[in-house]
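First up is the structure itself, then whatever we jot down about it.
Residues: numbered from 1 along the sequence shown.
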Amino acid sequence: MKKLGKVIVLLLAVWSAAYAKPASEADSVKQEIFVEPVAGLSEDFMMGVDISSLADIEKAGGKYYNANGKAEDLFKILKDNGVNWVRLRVWNNPTYAADLYDWEGKLIAKKGQAYGGGNNSVKVDLDLAKRAKAAGFKLMIDFHYSDTWADPGKQNMPQDWAGMSYAEIENAIEKFTADSLKEFIDAGARPDAVQIGNELNGGFIWPVGKTWANDGEKIGGMKEFTKLLNRASAGVRKAENGGDKIKIVIHLADGGDQELYKYVFDEVKKAKVDYDIIGLSFYTYWHGRDADLKANLEMLSKRYGKELAVVETAYGYTEEDGDSQGNNFMIFSQENDGYRASVQGQATAVRDIIAAVASVKGGCGVFYWEPAWIPVKGAGLSATEGATWENQGMVDFKGRVLPSMNVWNLVRGKNPSSNTWGGSSANKSSFEIYDMADNVSVITKPGTAPALPKQVKVVRENDREYLLDVKWDAHDWTAEKEARTVRIYGSIEGSAFKPWIDVEISTKVNLLADSSFESGKQIKDGKIGAWKLNGSSTACYLENNKGNARTGKWTYKYWLANGFESILSQEIKGIENGTYVLSVWAMGGGGENNIRLFAANYGSGKKQITAKIVNTGWQDWHKYEIEIPVTNNQITVGIYLDTNAGNWGNFDDMELYLKQN
């Protein structure tokens, strides 16, 4: 915040990440969880899981253990916990198309080597599909039409199709679809549903089926994309060959984005593509609230009249990492609600997605993505990487089934469970408040009443966070003459829980606007809110991830595959002269050329005062501080970055204040 003239009082609300932590990963199997049933679920509602990495995991020695602690086939464990569908991704030719080298020039994968990540060729999936059918599951096949991962950011053309004309690729997609499905059918594993592409926000088989272009890029556009969809759909119908109908799914990510879905599916409708189900990816921590999902589903149901399924979702049961690769999971914590990273929080998040889908006309199912991906060497994201998903599993790092796996039964109001480690799962429909979602604090000066928030975010026993009205207890602030911290309690209507807030009484005033980056603003005209960014907005941005924050949920984040330089700065004018203290908290992976906290333009000359920042690991926060003798009533402060490829880090809780004598 800007300060004019003499020191004035600033009231600062800080949403702390120092909330009560869930149980350790090792104790996750011991948790007692409760799930509220979902009314009106049909018997054929898809309770699905994607277990495409299973072949790699089993080959690498991974095992799974049922509630009795006995090693058991994963399909049996899934069946016992209420799962009725299995989804498998299919890659065309999952091998490296060329030699792969690391940043030092070292060969790490040879051309033709198996890619990893499940190695989901038709041959690999045939064995998994036959096991799924033998265990009584229905089957969804997810064609990526790529040799590796296909998602909104990458839809790489299969290496065997490179150099083909548009017409040849149109023929190839129909033939590959039909021939692949025929292999499944001939093997006795007839699919019940087929995705013709995976997360097709920008099309697929780039650049031929790409729907948006970079400057100067030649693409096929929406016309070619829908033509390819029509040919893929024709391949499915050809494979049916008069047998039971196979439902066709068209799948996008960003399941709460109504404009995206209208943009794509209006064109799909115009092109008269033959399909049955609109598939959505909806990861709460990426895509928003379950209310956003429900609103999109309601729009889709009315606009297109198709069946609707969330074909990918997941949530973390722990923040911990099972290997050295790092994980994708981010805690979902918005202003109004959120979920804890716990076994209970995971079960509630899945239950709420099921409830949202089931509440809409045409809502037919939910699939959990890779609930059995455990961290075993040789079964990672690729042949050169480890796992990035194990903390979102419904089994723990050792393969032991978690109580949250039983959510598929519990949403139907049946089959409570217990396990040999002391954990259990059961139904419950009322959940009391038991904790604060965040520790809340404000700052005020001696003798002055603080501006207390009218609402606080609390956690109920289902580990979902709720923003609720609060009435604070009375306190005589005129009597507070000395610097100290006072804890004030309050009340929430209908609850015996007593929320609290810590009031810091201090003469120290932070002069920086958006000092903890909680505005959440993104780059616009070279600025991030009150901050000026001189550098890449792709590499530097505000990140909404409570798990990467020291306090609150937003931080100033940097990461880029390539090295870069940038300066984040803020200028403060009209301040009284004197000695000021500037500080910042930082954490990250390390390895940068140079990171500096700096102050400039505080007096005569061009001299800067800096502090070198050295990052030492995830959540290993360190505070860096400098003193600045201001003689010209102004100062410019900020963070300088000079990074190498792949460096990452986060900054939080910056502070600039006049040092008291």
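For Glu36, the salt bridge (charged side-chain N to carboxylate O under 4.0 Å, His left out) partners two or more places apart in sequence, or in a different chain, are Arg351. In this view, Ser506 satisfies the side chain to side chain donor-acceptor pair (under 3.5 Å) rule with no residue, not counting sequence neighbours. For Asn601, the side chain to side chain contact (heavy atoms under 4.5 Å, CB included) criterion is met by Gln634, Thr636, not counting sequence neighbours. Partners of Trp531 under the ring-ring contact (aromatic ring centres under 6.0 Å, His included) rule, at least two apart in sequence or in another chain, are Phe517. Every residue meeting the salt bridge (charged side-chain N to carboxylate O under 4.0 Å, His left out) condition with Asp473, not counting sequence neighbours, appears here in chain and number order: Lys498. Applying the ring-ring contact (aromatic ring centres under 6.0 Å, His included) criterion to Trp472, with sequence neighbours excluded, gives no partner residue. Evaluation of the side chain to side chain contact (heavy atoms under 4.5 Å, CB included) rule for Asn201 yields Pro152, Leu252, Ala253, Asp254, Leu260 as partners, not counting sequence neighbours. In this structure Glu461 satisfies the salt bridge (charged side-chain N to carboxylate O under 4.0 Å, His left out) test together with Lys428, sequence neighbours excluded.
Sorted by first and then second residue, the pairs that involve residues 283-299 and meet side-chain hydrogen bond (donor to acceptor under 3.5 Å, both in side chains), not counting sequence neighbours, are Tyr283-Glu312, Tyr285-Gln392, Arg289-Asp337, Asp290-Arg464. For residues 627-646, every residue pair satisfying the salt bridge (charged side-chain N to carboxylate O under 4.0 Å, His left out) rule, not counting sequence neighbours, is listed here: Glu627-Lys659. Annotation: ring pair (Phe, Tyr, Trp, His ring centres under 6.0 Å) contacts involving residues 585-627, sequence neighbours excluded, are absent. Among pairs with a residue in residues 632-655, those fulfilling ring pair (Phe, Tyr, Trp, His ring centres under 6.0 Å) read Tyr556-Phe651, Tyr558-Phe651, at least two apart in sequence or across chains.
The two residues Glu319 and Ile331 have their closest heavy-atom pair at CD-CD1, 3.5 Å.
Checking Ser333 against Glu465 by side-chain atom types alone, a donor-acceptor pair falls below 3.5 Å.
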